[in-house]
Amino acid sequence: MTETPLVTTPAFDSGPGTDIELRSSITVELVDHRADDIGVVRAARVSTAGERAHQEERGDTYAAGLINYLMRSRHGSPFEHNYMTFLINAPIFTVRHLMRHRTWSFNEESARYREMDPVFYVPDSDRLLRQEGKPGHYNYVPGAPGDLEDVVTSARSVYGAAFREYSRMLESGIAREIARMVLPVATYSSVYATCNARALMHFLGLRTNRPDAAYPSSPQREIELVAEGMEIEFARLMPHTHAAFEKFGRVSP
């Protein structure tokens, strides 16, 4: 298990005397991995070196050159022989964005088997609150004066009412799997997510907003925060692979 600290966004203070907790934090923690650049090199070399590939010692210069060649030529399979497992704590609507990436493996906490905590998402003061333009070509802009306060006030009211009804149903004997239906998608959930480097690069290409990318994307900010946390760990574990990903337009091979 890695000792890497959590990657987190600033927390929101829900204020004293509330029966629910409001957060703006989204956390990403690398909890397990077997991923490095030499694994990519050995997976590629087996096609020409056979069983000797696993014993070869190759320096950084060779590794960087071969990885650049693989990325440039779109030879993707050598980037699949590794794994990274992340623990993410985020609102349910963000977890659903993550689960769109179907080559990953997921395990999420279940509201069928445990009572959910009264913890809900609200945007922080840095979150852009308005959008301009048409679908697929939105520009996000800051909110007008009072927008954030309006969002938080509305959210606190709705979340509080939803959780009170959820708790009331549980206390009356309604099954957890039924009572959960009143909880909003802003309820926090925790999920294990495991991927290989090739799948992660595909995810990063879609879920980060980088104007210098070959195919710029406009993800929702909350899933982008998850992607940014994962990319920090990816760059640390596989620096040559990450550098080649950047160099060739942030496109998964």
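Quick caveat: nothing in here was measured; it's all calculated off a predicted structure.
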**OP:** Could you tell me whether the side chain of P91 reaches within less than 4.5 Å of the side chain of F120, counting heavy atoms only?
**Re:** no
Subject >> E80 with R198: basic N within carboxylate O range, under 4.0 Å >> reply: yes
**OP:** Salt-bridge test for R127 and E222: reply yes if a basic N is under 4.0 Å from a carboxylate O, no otherwise.
**Re:** yes
Original post:
Other hydrophobic cluster members with Y215, side-chain heavy atoms of Ile/Leu/Val/Met/Phe/Trp/Tyr under 4.5 Å, chained?
Top reply: V251
Subject >> Pair E108 + R96, salt bridge at N-O below 4.0 Å >> reply: yes
Original post:
Going by the angle between their ring planes, with limits at 30° and 60°, are H97 and F93 parallel, tilted or perpendicular?
Top reply: perpendicular
Subject >> Validation row: C195, T103 side chains within 4.5 angstrom (heavy atoms) >> reply: no
Original post:
Does the distance from a Lys or Arg side-chain N to an Asp or Glu carboxylate O, for R114 and E109, drop under 4.0 Å?
Top reply: yes
Subject >> Neighbour count above 12 (heavy atom, 6.0 Å) for D147 CG >> reply: yes
Original post:
Counting heavy atoms not belonging to Q55, are there more than 12 under 6.0 Å from its CD?
Top reply: yes
Original post:
Does a donor on one side chain sit under 3.5 Å from an acceptor on the other, for T194 and T85?
Top reply: yes
Subject >> Over all atoms of both residues, closest heavy-atom pair of T94 and I223 >> reply: O-CD1, 3.6 Å
Original post:
Between E231 and R250, does at least one N-O distance fall below 4.0 Å, as a salt bridge requires?
Top reply: yes
Original post:
Yes or no on salt bridge (Lys or Arg N to Asp or Glu O under 4.0 Å) for R130 and E132, after CA distance, side-chain angles and deciding distance?
Top reply: CA-CA 7 Å; R130 296 189 177 227; E132 299 174 342; over 6 Å; no
Subject >> Sub-4.5 Å side-chain heavy-atom contact between V122 and V151 >> reply: no
Original post:
So how far is it from L98 CG to S189 OG, rounded to the nearest 0.5 Å?
Top reply: 10.5 Å
Subject >> Any donor-acceptor N or O pair under 3.5 Å, side chains N89, S190 >> reply: yes
**OP:** Please tell me if the side chains of M169 and V182 come closer than 4.5 Å, counting only heavy atoms from C-beta onward.
**Re:** yes
Original post:
So, E165 and R168, do they make that salt bridge, N to O below 4.0 Å?
Top reply: yes
Original post:
Side chains of M71 and F79: does their closest heavy-atom pair fall under 4.5 Å?
Top reply: yes
Subject >> F203 and H101 aromatic ring geometry - parallel, tilted or perpendicular at 30°/60° bounds >> reply: perpendicular
Subject >> Charged N-O contact under 4.0 Å between E246 and R210 >> reply: yes
Original post:
Relative to each other, are the rings of Y188 and Y121 parallel, tilted or perpendicular (30° and 60° limits)?
Top reply: tilted
Subject >> Derivation of the side-chain contact (heavy atoms from CB on, under 4.5 Å) call for Y62 and R45 >> reply: CA-CA 12 Å; Y62 180 88; R45 284 283 295 157; 3.2 Å; yes
**OP:** Report yes if the side chains of N196 and Y83 come closer than 4.5 Å at any heavy-atom pair, otherwise no.
**Re:** no
